[in-house]
Trainee: 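Attaching a single structure in structure tokens format; questions to follow.
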Amino acid sequence: MNILRTARTICTTPPGCHNGCGIIALIDNGRVMEIRGDPSNPFNGGSLCPRGAALPETVYHPDRQLYPLIKTRAGWRKTSWEEALGMAGDAFLEAKEKHGASSVIFCKGTGRDIGPWLSRLAYGFGSPEYYALGPGSGSACLMPRMSITNAVFGGFMVADCSQYFPQRYNDPRWCLPECILVWGSNPVDSNPDGFLGQWIVQCLKLGSRMIVVDPRETWMARRADVHLSINPGTDAALAMAFLHVLFEEGLVKTRFTEKWVSGADEVREQVKSFSPERASAECGVPTEDIFSAALLYGQSEPAALHWGVSVDMSPSALGTAHALTSLVVLSGNLDVPGGNVIVTDPFGISRRGVDGDLAEGLQKKKTGIDEYPMIGSGFPYALADVLLDEIERGRSIECAWYQGTGLTANGFAEPKRVGKLLSRTGLSVMVDLFMSPAAHELADIFLPVCTCLERQGIRNWWYQLAAFDRVIEPLGESRSDMEVVLSFGRIVAEEHFPWSEVTGWFDNILQPSGYTWSELCRKGWLMPGTEYSKHLSRGRFNTPTGKIELQPGLMEESGLLPAPWYVPPPTSKIRKDYPLRLTAGARSPLYFHGEHRNVLHLKELEPFPTVEIHPDDLPSPAIRSGDWVLLESPWGSCKRVAVSSPLIKKGVISAAHGWNGPGLNVNDLLTSGMQGRGGLGYPFRCLPCRVTGPVDAPEEYGNIPESGSADTEIIKDVSTIWCTGCRACAVACMIHTRIHGLVVRLKDGEWTPGFTSACLGCSEPPCVAVCHTGSLVRIENV
């Protein structure tokens, strides 16, 4: 391959991803041939996930939509941007004039960096109906945790793994966590919310100890000092037992608590009865393991909590989030080096981009806030569950704007109901890369967007501010998400979109940083650092009283005090007919929710929707790994390929999510109306279930070819404890060489890279370059 030039940029969205890794694009005659991580960017340090490595396949995928489309009775018709935007603009403005701005909804998916742009469109238009549909049911992704932390101390918190500092682990201001508590997350697979799991791996290499709470024996669980294999949905009971031990063993940081915390006595009273013995009965975890884990966390200085969406995906979501927040606060680990840092927006530039002048007043009008006041804490979105109920009762939605959202595949329980209700809306616009099933079902107008390689942009997250230019010209007539919003905003809310080009909008947003977009492009990225113990310099926390409020007024207004509390998952009354507990949505490093499943070299590695089952829970000897089975709950069913594994807790099954197709959507197993207390949280990960089969494979899965690496001779294994099985190395090898020179296999529960007889022994191996844990660094004689 004759590479004519390279270009540094940021790997962000679309397609979906929460992160913004520095990358180098290798370009030949205007075509991107290969993507490598940028070693000069301290965010990812040159590593890359398999989705990033496969990005050229997404860019040039034959199914990408590259031209605006309008749906007619005869099918989709190609059109111009002027006609598509004009048709949408006329409908939106007419709806606003006749029915008010609230008759129009604006919806985004998870991961896509369109929050700063779409929020301005919604609020500039005058509508409070701004939704995040990832997922929609119970807003059960980050929002329960964020609403609690915002109510308690006026912000959000993340584990401090030095990610704010360019020097990273060598920065003298940072302190290595003595213990990291990983709760309801597998960050080496999911890299959630701008947080790379490799940062925890590096802390382990430096000497951190680890506790993992997960019903599966994940890569991290196998390396934990204590693994608590919890019954799904019982997280609140376990977290309250941790607090019980903290109080009983005198591990509460008394001086800090007395000066800066209110409501600790109520917390102590609430957890008094949640001994490790009681939690053991609820959670299915040995009493002594609960006690030793709580003691390890409480005695470590500092200790960090990394929490994931499993906290949000139960009826006790708010109770669990409150208990874990209280644990961090009372153990003295809030906003200290190596503990949990209160996040700050880099250089004062809001990550969500919500313009205060536009949002003021509208937030009080958003759907669901009267019934569920907690949705007014920490995030801007209206509540989709209430919207759907109101549509069912006759509320008319005149127009809808959907940007980068999988909707029925990823976001909602009872997806058929959701599709039926949203199809009642008036004119609907879908903005995306591909014509998804949701677009086919709901959209009247389809607007095609660029990938990150084809657009100008800024990437703004807690730990990094970056700007980037396009490295290739946009394919077809696709436009960036920002250009689409700007173009439409100039039609429906002109006074709020004064810029002629998106770069002018970028300059406006970047003003607090002191950089223009072009200046920051030349620099590439900025890492802002962070101030620890911010309450000391400010003399207060960001709450009405200036203290951390463990019994905040908003929770009282919402009927949620005293807190924390525990609500059992929906299993106890129907265990006889549905003896298993289903946890759905375990992340794969190959896919982002419903995206990337059409990318050849990713689908080749994980071609089927699977369900992980303990061998003792297989319903009959006739069922083996690789057979199609039927998952059934009291409310629905779906098909899956069984994977027999001793790494899943007995009595628990784990099913992948994000799969489309008739009978394949795991969300069909849920019904509506199951949101948790306060309207937040949903039992995506703690459903009663049973498995039957074997059953016939869906027609479209009858003849999927297996990986071309299956029969390739492996001549050298790389034995390492640090391989997490992300398989970025295998994808990078295939993209670079077009052959399977390296494969990664799961052997006895451990991932093992193996070099095959086809390996070319590259002088600059792409497999080594992308590895995020350094597993392949010391390769000899390959």
Side-chain angles (χ1 to χ4, degrees), residues 5-14 17 20-25 27 30 32 38 41 43 59 66 68 81-82 85 108 112-124 345-355 357-358 403-404 431 433 447-461 464-528:
R5 70 183 179 96
T6 63
R8 278 185 161 83
T9 186
I10 297 294
C11 189
T12 179
T13 68
C17 176
C21 293
I23 58 171
I24 298 173
I27 302 167
V32 176
D38 183 355
N41 190 318
F43 181 82
V59 173
L66 300 177
W81 277 97
E82 290 73 17
L85 292 174
K108 65 182 282 289
R112 293 282 283 274
D113 64 338
I114 57 174
W117 328 103
L118 187 57
S119 59
R120 189 173 186 89
L121 179 61
Y123 298 139
D345 293 319
F347 309 101
I349 302 171
S350 173
R351 178 177 71 94
R352 297 191 183 279
V354 177
D355 298 274
D357 57 329
L358 297 180
Q403 194 153 359
V431 187
L433 281 171
L447 302 178
V449 293
C450 300
T451 65
C452 57
L453 300 182
E454 304 163 81
R455 70 169 175 89
Q456 300 162 316
I458 57 177
R459 178 58 178 167
N460 176 28
W461 206 268
Q464 179 184 218
L465 178 67
F468 54 96
D469 205 347
R470 60 173 65 101
V471 300
I472 56 171
E473 290 301 309
L475 272 62
E477 294 181 9
S478 62
R479 296 181 180 180
S480 73
D481 280 300
M482 300 77 194
E483 290 173 308
V484 174
V485 170
L486 177 58
S487 299
F488 193 61
R490 290 172 63 85
I491 294 173
V492 300
E494 185 176 10
E495 66 274 27
H496 299 295
F497 292 87
W499 309 283
S500 58
E501 302 289 340
V502 291
T503 53
W505 194 357
F506 297 159
D507 286 342
N508 179 263
I509 288 174
L510 289 171
Q511 282 181 2
S513 74
Y515 286 85
T516 65
W517 174 78
S518 58
E519 290 170 343
L520 188 55
C521 266
R522 288 192 291 272
K523 190 170 183 64
W525 52 265
L526 296 170
M527 296 182 76

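We use all heavy atoms of the structure for the numbers below, so side chains are in, but hydrogens, waters and symmetry mates are not.
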Trainee: Looking at every non-hydrogen atom in both residues, tell me the closest pair between Asp345 and Ser350 and how far apart they are.
Mentor: OD2-CA, 3.5 Å
Trainee: Is there a donor in the side chain of Thr13 and an acceptor in the side chain of Asp113, or the other way round, less than 3.5 Å apart?
Mentor: yes
Trainee: Got a second to check how far Ile458's CD1 is from Leu520's CG, nearest 0.5 Å?
Mentor: 8.5 Å
Trainee: Restricting to non-hydrogen atoms, name the atom on Thr12 and the atom on Phe468 that form the minimum distance, rounded to 0.1 Å.
Mentor: CG2-CZ, 3.6 Å
Trainee: Using every non-hydrogen atom in the two residues, find where Asp38 and Ile23 come nearest and quote the distance to one decimal.
Mentor: CB-N, 3.6 Å
Trainee: Restricting to pairs with a member in residues 469-493, which pass salt bridge (charged side-chain N to carboxylate O under 4.0 Å, His left out), not counting sequence neighbours?
Mentor: Arg112-Asp481
Trainee: Considering only residues two or more places apart or on different chains, which pairs with a residue in residues 508-527 satisfy salt bridge (charged side-chain N to carboxylate O under 4.0 Å, His left out)?
Mentor: none
Trainee: Looking at every heavy atom in both Asn460 and Pro346, which two are closest together, and how far apart are they?
Mentor: OD1-CG, 2.9 Å
Trainee: Which residues pass the salt bridge (charged side-chain N to carboxylate O under 4.0 Å, His left out) test with Arg459, sequence neighbours left out?
Mentor: none
Trainee: Below 30° counts as parallel, above 60° as perpendicular, anything between as tilted: where do the rings of Trp517 and Phe506 land?
Mentor: tilted
Trainee: Find the distance between CG (Asp507) and OG (Ser513) and round it off to the nearest 0.5 Å.
Mentor: 9.5 Å
Trainee: Taking all heavy atoms of His496 and all of Gly124, pick out the closest pair and write down the distance.
Mentor: CD2-O, 3.3 Å
Trainee: Do Val32 and Val59 have side chains that get closer than 4.5 Å, going by heavy atoms?
Mentor: no
